[in-house]
Structure formats: structure tokens, C-alpha cells
Undergrad: 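The following block contains the structure, expressed as C-alpha cells.
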Amino acid sequence: SVDSSLGGLSRSSTVASLDTDSTRSSGQSNSYFDTCTEFRVKYLGAIENLKASLFECLQGPQDLINYIDLSQQYGKLPFTPSEEESILYVSKYGIKVASADQFDILHRHPLYLIVRMIGYDDGLGMGKSLLALKTTNENQNEYSICVYQCNSLEQAQTICKVLSTAFDSALSSEKS
């Protein structure tokens, strides 16, 4: 078991989470969410091809954070990201990550395959904030976790909010 508290403060108090099964997010909803919002982040790494049976016990944000912590400790994920910045785009179609020069698309995460997104402080006392994206495949029998380092916890929380707006927009346009 990993103690993810720092100075007596529980890390869960700083977690911004987007769970696609949750109720409608607060704030204003834009039913025509046609904009694309961009953020500068650094890619930390990914844990891919995880079987669905494992994720039955990784439901909440804290479970996912603990799994990422353990993956870092066992060398499956690095503690520090690549130095090169990437641009993370959020739109009504999902998330696209491109190189800083925008010539190469590094990752694509379609909106309908995103299961959960959380932004949190890494708990190591270095002021690093991480953004974890849990996705599934077409058959929903395997999952992946992509982790990005943000410039601040506020940036990670903003990305979660923008993605939540994209979900709200997709759900409201589906109903009409």
C-alpha cells in the first residue's frame, strides 16, 4: 500500500476528475461545442493493453492514482516526462496530442473511448501536476492509461472541465 498523503493533506483533496458515468457537469454548457482548446503539456508515458478484469478493481480516481504510483515505482512509467512539450487539443471529437511544431500527431483519444480523466498533484512535493487519461478499445476488453505532466494543478483541472463540456455537448446533441 502506498501512502499518497503529503504533509497530512490527502492528495484526493486536490483531484479534479471526469468520470463519463457521472451526472452532468456544473457550469455552462455549450450545445455547439465546436471550438478546439489547446494546452501545452509534457508526455510522461502510457500503460497499455490492460485487461478489463484488472479495471474492475480500479473504479475510483484514487484507485487510478495509486495504480499510476505503483507503475512508477516498478519502472513501468517514468517519474519525469520527456523534455519536449506537446500540444494537447480538446474538442467535441476527443483529445489529440501533437508535437510542439504541430507536424506530428502523437496520440488520438476519441471522445467515445475516454472512460475517465483525472488531474492531480503527484504528491512528491515537487509541485508537479499530472493528468491521467483512462481509455478503452473498441471492444471494451482492454484499457490504457496515458499520463501527461501539466504546468499546474489549475491547468489539469481546466483540461478536465473542458473535456467535461465536450461530453455534455455530445450528450445534449445526441438527445436532440
Side-chain angles (χ1 to χ4, degrees), residues 2-7 9-20 25 35-50 54-55 58-91 93-111 113-136 142-167:
V2 176
D3 180 14
S4 62
S5 62
L6 177 66
L9 296 174
S10 169
R11 185 186 325 179
S12 61
S13 64
T14 61
V15 172
S17 178
L18 169 71
D19 181 353
T20 59
S25 66
T35 59
C36 184
T37 309
E38 62 182 69
F39 303 91
R40 292 198 174 272
V41 297
K42 292 183 178 178
Y43 180 64
L44 188 68
I47 308 165
E48 298 180 314
N49 305 322
L50 297 166
L54 170 68
F55 270 98
L58 293 178
Q59 292 300 318
Q62 196 63 44
D63 297 329
L64 195 57
I65 291 169
N66 290 339
Y67 188 80
I68 291 167
D69 285 348
L70 288 172
S71 296
Q72 288 178 312
Q73 289 177 19
Y74 289 114
K76 294 180 181 179
L77 259 182
F79 282 99
T80 56
S82 62
E83 282 303 309
E84 187 179 327
E85 271 195 328
S86 303
I87 302 174
L88 185 139
Y89 297 94
V90 182
S91 74
Y93 303 108
I95 293 176
K96 175 176 76 173
V97 182
S99 58
D101 60 14
Q102 300 180 15
F103 288 125
D104 297 317
I105 303 300
L106 307 174
H107 311 113
R108 284 187 188 274
H109 307 288
L111 193 62
L113 295 179
I114 297 172
V115 177
R116 180 182 293 275
M117 176 179 260
I118 55 173
Y120 64 99
D121 178 74
D122 72 358
L124 298 175
M126 298 168 59
K128 304 293 184 193
S129 296
L130 301 180
L131 183 74
L133 187 64
K134 176 181 163 184
T135 60
T136 187
E142 288 186 341
Y143 291 89
S144 295
I145 303 169
C146 281
V147 184
Y148 302 93
Q149 182 177 299
C150 297
N151 298 323
S152 66
L153 184 58
E154 291 74 26
Q155 182 191 37
Q157 291 170 336
T158 300
I159 294 170
C160 287
K161 287 177 187 169
V162 171
L163 188 64
S164 180
T165 302
F167 273 108

Undergrad: I'd like to check the side-chain contact (heavy atoms from CB on, under 4.5 Å) partners of Ile87; sequence neighbours left out, ordered by chain and number.
TA: Glu38, Arg40, Tyr89, Gln102
Undergrad: Measuring only between side-chain heavy atoms, which start at C-beta, is Leu163 closer than 4.5 Å to Leu111?
TA: yes
Undergrad: Give a yes or no on whether the backbone of Cys36 and the side-chain of Ser91 come within a donor-acceptor separation of less than 3.5 Å.
TA: no
Undergrad: Hey, does Leu131 have a side-chain heavy atom less than 4.5 Å from the side chain of Cys160?
TA: yes
Undergrad: Ile68 and Ala132: which non-hydrogen atoms are nearest, and at how many Å?
TA: CD1-CB, 3.5 Å
Undergrad: Could you grab the distance from atom NZ of Lys128 to atom CG of Leu153, nearest 0.5 Å is fine?
TA: 13.5 Å
Undergrad: With sequence neighbours left out, what residues match Pro78 under side-chain contact (heavy atoms from CB on, under 4.5 Å)?
TA: Leu44
Undergrad: On the 0 to 90° scale, with breaks at 30° and 60°, tag the His109-Tyr148 ring pair as parallel, tilted or perpendicular.
TA: perpendicular
Undergrad: Please report the interatomic distance CD(Glu154) to OG(Ser129), rounded to the nearest 0.5 Å.
TA: 7.0 Å
Undergrad: Taking atom CG of Asp122 and atom SG of Cys150, what is their separation to the nearest 0.5 Å?
TA: 11.5 Å
Undergrad: Ser99 versus Glu84: any side-chain heavy-atom pair under 4.5 Å?
TA: yes
Undergrad: Do Met117 and Ile95 come within less than 4.5 Å of each other through their side chains, counting heavy atoms only?
TA: yes
Undergrad: Tell me the closest heavy-atom pair linking Phe39 and Gln155, and the distance in Å.
TA: CB-NE2, 3.7 Å
Undergrad: Once side-chain contact (heavy atoms from CB on, under 4.5 Å) is applied, do any residues pair with Thr136, and if so which ones, sequence neighbours excluded?
TA: Leu113, Val115, Gln140, Tyr143
Undergrad: Apply side chain to side chain contact (heavy atoms under 4.5 Å, CB included) to residues Val41 and Ile159 and explain how you reach the verdict.
TA: CA-CA 11 Å; Val41 297; Ile159 294 170; 4.2 Å; yes
Undergrad: To the nearest 0.5 Å, how far apart are NZ in Lys42 and CG in Leu130?
TA: 12.5 Å
Undergrad: Mind checking whether Lys161 and Thr158 have side chains closer than 4.5 Å, heavy atoms only?
TA: no
Undergrad: Side chain to side chain contact (heavy atoms under 4.5 Å, CB included) between Tyr67 and Ile145: does it pass, once the steps are laid out?
TA: CA-CA 10 Å; Tyr67 188 80; Ile145 303 169; 3.8 Å; yes
Undergrad: Looking at side-chain heavy atoms only, is the closest gap between Leu50 and Lys134 below 4.5 Å?
TA: no
